2 protein chains.
Amino acid sequence: MLRFSKKSDYGLIALKHIASQGEDNVVNAREISEKYNLPPDLLAKILQSLSKSGIIKSQFGSGGGYRMAKKPSEVTLKEIVQSIDGPVHLVGCSREDTDCSIEPQCTIKQMLLNVEQKLEAFFSTITLKDI
Amino acid sequence: MLRFSKKSDYGLIALKHIASQGEDNVVNAREISEKYNLPPDLLAKILQSLSKSGIIKSQFGSGGGYRMAKKPSEVTLKEIVQSIDGPVHLVGCSREDTDCSIEPQCTIKQMLLNVEQKLEAFFSTITLKDI
DNA sequence: TTTTAATCGGACTATATTAGTCTTAGAACT
DNA sequence: AGTTCTAAGACTAATATAGTCCGATTAAAA
Ligand code: SF4
Ligand code: SF4
């Protein structure tokens, strides 16, 4: 059906919130989950992903939380979705791990890889600032 | 992970084949499934979808099969994917049937609908001829 | 007219992915 | 030391995709 996962959806909401709090203000996961009514544990996971990929910085301990690690104008939609859900791959054959059994006879692979590339380029033009 | 379904994938392969056979030559499902090593019953379902949405025409009975109902240059990628997998909806809230519980607090809906629209426009620029 | 080769449609099962929960550990602040 | 937060991984539940099966229908061919 070609849709973003809920995780990406939630991640975008959270990121927008964190970005809106300014550079040095930390926000904790519970706060966000309450404000937008998101599953707390799931949101925690999502923020961890975003932290690991360097989009946000985490601060441990009491009074800790998250803040932006980059400027909103430098965080792309592609980057966000990718760090939460993994790489955008329209077809199986563009992933290393999966080998498509019909690849030898496939007549559309090249074309789909091309579409995929354009799609990624499009998502790269959208930044958190636009959101 | 944002990918096309295998059904769409198979559908594209089949369509390309049908289109390559010219306007009046019918091709049956078994033939295609054998040539590209696709699950026969699944492919049959896919071709039925494409037929119902008017991309291909079916011919019943012995010696029957499918042929194009439109010119390849008039069949868009959006149309194909849509008839096989249903509408492209990046987020739940753009579907009538699903009501998102956090919609009242949602700060990103408008923006995502916009992205979705641009995505559909992009898929509409690609036709079977390009494939 | 009978047989045969095809599509149609729906119900069904199996598999894979996504969504969500829980639990334990570790870090920093008070 | 106690509290409040993130980190990480294992686990379960829900949903979507993938694939199968079967009876009905159609029309060409024998
Ligand atoms: S069928 Fe072709 S396009 Fe699809 S996954 Fe296999 S090789 Fe890639
Ligand atoms: S969270 Fe917002 S964008 Fe996502 S489905 Fe709900 S309303 Fe739409």
Side-chain angles (χ1 to χ4, degrees), chain A residues 1-11 14 18 25-34 37-67 69 81 84-87 89-92 95 97-98 100-102, chain B residues 1-11 14 18 25-34 37-53 55-67 69 81 84-92 95 97-98 100-102:
Chain A
M1 212 185 281
L2 207 62
R3 55 181 239 287
F4 286 142
S5 67
K6 287 197 183 181
K7 273 156 75 177
S8 293
D9 205 352
Y10 298 164
I18 294 170
N25 237 325
V26 301
V27 197
N28 71 49
R30 189 183 39 75
E31 235 179 285
I32 300 176
S33 81
E34 276 169 8
N37 202 28
L38 307 174
D41 289 334
L42 185 54
L43 180 63
K45 277 266 142 57
I46 295 166
L47 292 173
Q48 280 169 37
S49 301
L50 292 171
S51 175
K52 238 192 311 193
S53 66
I55 295 172
I56 55 180
K57 277 183 291 199
S58 66
Q59 187 171 316
F60 272 50
S62 173
Y66 298 93
R67 77 187 73 180
V81 169
I84 296 174
D85 280 328
H89 283 321
L90 281 185
V91 283
R95 302 189 287 188
D97 57 313
T98 53
C100 171
S101 65
I102 67 178
Chain B
M1 212 183 285
L2 207 62
R3 54 181 240 287
F4 286 141
S5 69
K6 287 196 183 183
K7 273 155 76 177
S8 293
D9 205 354
Y10 298 164
I18 294 170
N25 236 327
V26 300
V27 197
N28 69 50
R30 190 184 38 77
E31 236 178 285
I32 300 176
S33 80
E34 276 169 10
N37 202 26
L38 306 174
D41 289 335
L42 186 55
L43 180 63
K45 278 264 143 53
I46 295 167
L47 292 173
Q48 279 171 36
S49 302
L50 292 170
S51 175
K52 238 192 310 193
S53 65
I55 295 172
I56 55 182
K57 276 184 291 197
S58 66
Q59 188 171 314
F60 272 49
S62 173
Y66 300 93
R67 75 187 75 177
V81 170
I84 296 175
D85 281 328
V88 173
H89 282 322
L90 281 184
V91 284
R95 303 189 285 188
D97 55 313
T98 53
C100 171
S101 64
I102 67 177

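These figures come from a predicted structure and were not determined experimentally. Just so we're on the same page: letters track the sequence lines, and every chain starts at 1. Heavy-atom basis, side chains included; hydrogens, waters and symmetry copies ignored.
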Length of the line joining [X]:[atom1] and [N]:[atom2], which is rounded to integer Å:
| X | N | atom1 | atom2 | result |
| --- | --- | --- | --- | --- |
| A:Arg3 | D:dT17 | CZ | P | 7 Å |
| B:Asn28 | D:dA28 | CG | P | 15 Å |
| B:Leu42 | C:dT15 | CG | C1' | 13 Å |
| B:Ile56 | C:dA6 | CD1 | C1' | 14 Å |
| A:Asp9 | C:dT18 | CG | C1' | 13 Å |
| B:Leu43 | D:dG19 | CG | P | 11 Å |
| B:Lys45 | D:dT17 | NZ | C1' | 14 Å |
| A:Leu2 | D:dA16 | CG | P | 15 Å |

For B:Glu31, what residues pass the salt bridge (Lys or Arg N to Asp or Glu O under 4.0 Å) criterion, not counting sequence neighbours?
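So B:Glu31 forms no salt bridge (Lys or Arg N to Asp or Glu O under 4.0 Å) with any residue.
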
Check: B:Leu38 and B:Ile46 side chains under 4.5 Å, non-hydrogen atoms:
no

Would you please name every residue forming a side chain to side chain contact (heavy atoms under 4.5 Å, CB included) with B:Lys45, sequence neighbours left out?
B:Gln48

Below 4.0 angstrom from OP1 or OP2 of [N], is there any side-chain N or O of [X]?
| X | N | value |
| --- | --- | --- |
| B:Arg30 | C:dA5 | no |
| A:Ser51 | D:dT6 | no |
| A:Tyr66 | D:dA7 | yes |
| B:Tyr10 | D:dG19 | yes |
| A:Ser5 | C:dT17 | no |

Which residues pass the side-chain hydrogen bond (donor to acceptor under 3.5 Å, both in side chains) test with [X], not counting sequence neighbours?
| X | value |
| --- | --- |
| B:Ser49 | none |
| A:Ser62 | none |
| A:Glu34 | none |

Show, in sequence, the C-alpha distance, side-chain angles and deciding distance for B:Asp9 and A:Leu90, and conclude whether the side-chain contact (heavy atoms from CB on, under 4.5 Å) test is met.
CA-CA 9 Å; B:Asp9 205 354; A:Leu90 281 185; over 6 Å; no

Between A:Gln48 and B:Lys7, which has a closest nucleotide on DNA chain D that is more 5'?
A:Gln48

Return the 5'-most residue of the pair B:Ala44, A:Pro39 with respect to DNA chain C, ranking by each residue's nearest nucleotide.
B:Ala44

Under a 4.0 Å heavy-atom criterion, the protein footprint on nucleotides 23-30 of chain C, written with B, S and -, is ----BBS-

Selected nucleotide, minimal atom distance to B:Ala29 side chain, candidates D:dC5, D:dG19, C:dT7
C:dT7

